[in-house]
Every structure is written in C-alpha cells, then in structure tokens.
Number of protein chains: 2
Amino acid sequence: MNIDKNSLIPFYLQIEQQLTEKISSNEIKPGDAIPTEAALCEIYGVSRMTARKAVDYLVRQGRVARFRGRGTFVIDNSNEHKTVLPLDRHFTSTEIAHELNQTIENRVLEFRKVKAEPDIAELLNLQADAQVYFMVRLRFLDNKPFVFEKSWMLYEPFPDLSREALTDSKYAYLREKGFTPAGSNKHISAELPSNKIRQSLDLSRDEPILHARSVAYFTDMMPFEVADIYYNQRYFSFSLKAQCEKE
Amino acid sequence: MNIDKNSLIPFYLQIEQQLTEKISSNEIKPGDAIPTEAALCEIYGVSRMTARKAVDYLVRQGRVARFRGRGTFVIDNSNEHKTVLPLDRHFTSTEIAHELNQTIENRVLEFRKVKAEPDIAELLNLQADAQVYFMVRLRFLDNKPFVFEKSWMLYEPFPDLSREALTDSKYAYLREKGFTPAGSNKHISAELPSNKIRQSLDLSRDEPILHARSVAYFTDMMPFEVADIYYNQRYFSFSLKAQCEKE
DNA sequence: GAGTGGTCTAGACCACTAA
DNA sequence: TAGTGGTCTAGACCACTCT
C-alpha cells in the first residue's frame, strides 16, 4: 500500500501494479469502485496526473471503466454472457441470428461507386482505377452492434446492387444473381479503433478491437469482395476452429 | 495547422486528428519524424502534457513509435514484409518453419505440475484440483518471438513429459505416445499485453496484441490442453480461412 | 552540449452525477 | 452542493542520443 520513490520503476507503474494485484486477488471485485483519483493522490503521495496515468493503463487493459461524476469501477471481463460468433464462417450472420432467435439489422452508412485504389484492385484482380462498389455497413445482432464493415466489391457482374439489397442480405442477393460465395481469407489483427468506428460500435476510446482484412471469393476462386471488418468484443466473443493437418 | 480553442473537441484530439491526417495523406511518410514535442507545443500553442497526450494515441494506434533522445517516427504498418502464420492450423509451427526454411526455437520458461483451477478443470473434463501440467513457452521463428503460450495439459496419460520434449516438439511427443491431436477451438480477442508478455515478445507497452484461449482435443474429441496464446503481430501476420457453409 | 522523449508536480477550471 | 472524472497549464528534473 505504498510506493518506493527511490525505485527506478515509475510511480504510475507501481500504483498500477498494486491496483492490478488488488483486482486479481478479488480484494476489489467486479462492480466495485477503485479509490478515487483524489484518494490515490492521498494514499500514494503523488500528483493527480500521476494517479490518473496509473488508472489509464487499467482502463486500456479493460480492467476498469471510468464514469465521470460517479467513479471508476472494476469490469467483469468473463466471456460467460457474451454471444459467440464464429470467425471461420462467412456470410452466416443471418443463419446465426435465426439459430439464436435474435434479430439482425444491417445499417448501410455509405454506398457508392468509386475507382479502386491500387491495393484493392490488385486483390480483386482488376485494373487499377476500375469501378467498384464501396460500402460501409454497421450490423446489429439483437440491437447490439457487432461489426463495422467497410468493403469494396466488384461492380461489373452486379450493376443493379442496391442499398436495399445490402440492408436485407448481401448473401441472398449474390445467390439470386447466380453467384455462390465459397469463403474468404482473413488477416486478423488487434488494433485501437478510429474515432468513427469507436463511436459506431459504442466503445470507449481505449479498448483494443479485432480487425480482419478479408478477401472473399466465389466457388471458382474468383475474388469478389475486399473488406475491413471490425469486431465488437464488448458483447461478443469470436471463435474459430483450428485443424492439425491440411486435408 | 491550427486548433480551435473554443471547440468542444479537446486540444489533444484535434492535434491527433491533424497528425493522423498528415500521416494518412503521406505528408509525413513512414520513417519520417513527426514534429518534436517542443515543436508541437510551439505550433499549436499548448502545454507539453497536452502535446504528449495527442502523440500517446498515435503510439497506441501503432502509427508512430517514440525513441528517447531521437524523436518520434512514423511506422510502416504494411503487412508486406511480415511472415504469415495461419491461426486455423494447430501444431504446425515446425512444418511452417520447414516450408519457410526458417529456424524454430521453443524456450520453456516454466514447467511444473499444479492443481487445476476450476475453469481449467472444467474445460479438460477433470475433477477440480486434479493434477495437470502447467507450462509457459516462448516460441521463436527465425529468432523472432512469435508466440507466448501459457498452457495446462493433462497429466495422467503423459507422466513422463519433460522440458526436453517441450523444447523439441510437443506434437511429436504426443504422436510418439500414440495420441493424435485433431485440432482446437479458439476464442480470439484483442488485448493490451501484461508487462511480462510485452517484454517477452519485445513489444512496446502500448500496442494491442492478439490473444487466443484455445482448447485442443484428440481425434476422439477428448480435450487434452487449454492454452492462453499471445501472438506477436509486430513481425507476423495471422490469417484464417472462413467457409460459407457448414459441411 | 544541445536536443529528444519520460516522468512528475501543484495547481486550475470544467461537466457530469448523486444526494 | 459535494464529489467525481476530463482537460489543461507552466514549469521541473531526468536519461538517452547524436555530433
């Protein structure tokens, strides 16, 4: 319950470690408040900026959440109550919503034709500057936003793609047109969200988020869509199956 | 090149947005230094703490890296030079190392028998307090740390498991014993690393990391290992394939 | 030695919450 | 109204790098 002011370890790190210890050991339980910033200054004999910096790290690690006017509280990080969504299945959100008996909603934030940037064009096997659709969708499961999705899709075979089709089901539209999506390759990373994505997904500025750059293809292996997908891990947990051998 | 001091948007956010814009538009290119903290104070007419806070966010987003005594530089975040490792294959690191003609090294940091905590016991279909192996490994591909792995494994069928077997290849050991790993289920999340993991993987304190809670099972679907795996996305990029339909 | 980022202080004013 | 976190200032000393 004290810091060593002669230590090489910065004050804020020492304070963070002690708070972490108290949370891990359940001395401060999920739902409980940690000491207020003023209290931390008092307890450890540091300035408020230093106390805040210690708490900053706990916030970023997702251990606590701050509420102005109320206090800073320990978060229950267990996945127990989160809905599990598979990362290794594609175009199945509608199915999953059915299985779970939950509603699904697609909100189309942007939809227009653009010239493909070089990296997108290359992934789609197009000439640079070819026309593609660009769309941004925010998707809700049970009224909770679960993905923010920017995507670039082939224009040629789908000249009549509409906002309505995207609001309904992109998968259904493609099948109607006689194309069968086969799957996608994804590259997964952990990132901090931009402001726009953070706000859309109803996240705090400081929590990291899962990001996938996905390239989807038809059964003939023709790529038809490149997407940047951001997954909301606040209410959802994302799973995948790994196999030992290639088939 | 100026901030609005009457805006409701905090100064540090305005500065961050302007820097982000300059980096995105390539006005400041990868490898270039952004203005020093003193310069930012001068340019925007703010105190140093405010200027630093703006840069803090860029650091966390992985856009820039700070070097004491030298400056703060824009990072090249393209995946072009990263080695791609599949998340949806299990126990294949040795194979992959072979394919890439790179070395693999497993450093065993801890290895002992412990009583299984309730959550681990449940996942392994054991009684609470049953004996299990607990091990921590740091694994290197081409001398770069690519995963930090804490795992709990069945003790019963493997009374002679040794540090040496873990240093060599866990997969090979299991097959020798007549057990055939079939795959694993993983839950993926984005997190900020603890100090220990950060140091092991040679990361900065501020970059988010991919985490998987994995449950591995044999061909008869018997679970044999629970693992917390942390993936280093600094030198590696992690991929997976998604299918459209269940088989 | 000059310049960089890393840490820290002791204040300040503000917006929001709860009693 | 009292207490909380959110932002901000104008300094300070330090460790490190580069020349």
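Numbered from 1 within each chain, the chains take letters A, B, ... in sequence-line order. Both backbone and side-chain heavy atoms feed into the values below; hydrogens, waters and symmetry mates do not.
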**Q.** Euclidean distance, atom CD of residue Glu42(A) to atom P of dA10(C) [Å, nearest integer]
**A.** 13 Å

(Q) Whether Ser47(A) contacts dA10(C) is assessed here as follows: a side-chain N or O lying under 4.0 Å from the phosphate OP1 or OP2. Is that the case? (A) no

Q: Compare the minimum distances between each of dA18(C), dC8(C), dG5(D) and the side chain of Arg66(A), then state the nucleotide with the smallest one.
A: dG5(D)

Q: Could you label the plane-to-plane angle of the Phe73(B) and Phe67(B) rings as parallel, tilted or perpendicular, counting under 30° as parallel and over 60° as perpendicular?
A: tilted

**Q.** Arg48(B), nearest nucleotide to its side chain (from dT9(D), dA12(D), dT9(C))
**A.** dA12(D)

Q.
Strictly below 4.0 Å: does Thr50(B) bring a side-chain N or O up to OP1 or OP2 of dT9(D)?
A. yes

Q. Whole Å only: how far is the CG atom of Asp56(B) from the P atom of dC8(C)?
A. 14 Å

**Q.** Options dG5(D), dC8(D), dC18(D), nucleotide nearest the side-chain atoms of Arg70(B)
**A.** dC18(D)

Q: Kindly say if Lys53(A) contacts the phosphate of dC8(C), meaning a side-chain N or O under 4.0 Å from OP1 or OP2.
A: no

Q) With a 3.5 Å cut-off and just heavy-atom distances, do the side chain of Arg68(B) and the base of dG3(C) make a donor-acceptor pair? A) no

Q) Rounded to the Å, how far apart are Ile15(B) CD1 and dC8(D) P? A) 8 Å

Q. For the pair made of CZ in Phe73(A) and C1' in dG5(D), what is the distance, rounded to whole Å?
A. 11 Å

**Q.** Leu8(B) CG to dC13(C) P, straight-line distance once rounded to whole Å
**A.** 20 Å

Q. Should Arg213(A) and Asp228(A) count as an ion pair when the cut-off is N to O under 4.0 Å?
A. yes

(Q) Nearest to the side chain of Thr72(A), heavy atoms from C-beta on, is which of dT7(C), dG5(D), dG6(C)? (A) dG5(D)

Q) Across the strands shown, which category fits Val46(A) at heavy-atom distances under 4.0 angstrom: base, sugar-phosphate, nothing? A) sugar-phosphate

Q.
Distance check needed: dA12(C) P versus Met49(A) CE, whole Å only.
A. 15 Å

Q: Answer yes or no for Lys53(A) and Tyr12(A): cation-pi contact, defined as NZ/CZ to six-membered ring centre under 6.0 Å and angle to ring axis within 45°.
A: yes

Q | Atom-pair distance (CG on Asn6(B); P on dT7(D)), nearest Å | A | 17 Å

Q: Output the single nucleotide from dG6(D), dT9(D), dG5(C) whose closest atom is nearest the side chain of Arg52(A).
A: dG6(D)

Q: Provide, to the nearest angstrom, the distance between the CD atom belonging to Glu37(B) and the C1' atom belonging to dT9(D).
A: 15 Å

Q: Using only heavy-atom distances, determine whether the side chains of Ser151(B) and Glu149(B) contain a donor-acceptor pair under 3.5 Å.
A: no

Q: Give a yes/no answer on whether the side chain of Tyr12(A) brings an N or O atom under 4.0 Å of OP1 or OP2 in dC8(C).
A: no

Q.
Taking the six-membered ring of Phe11(A) as reference, does the cationic atom of Lys5(A) (NZ for Lys, CZ for Arg) lie under 6.0 Å from its centre and within 45° of its axis?
A. yes

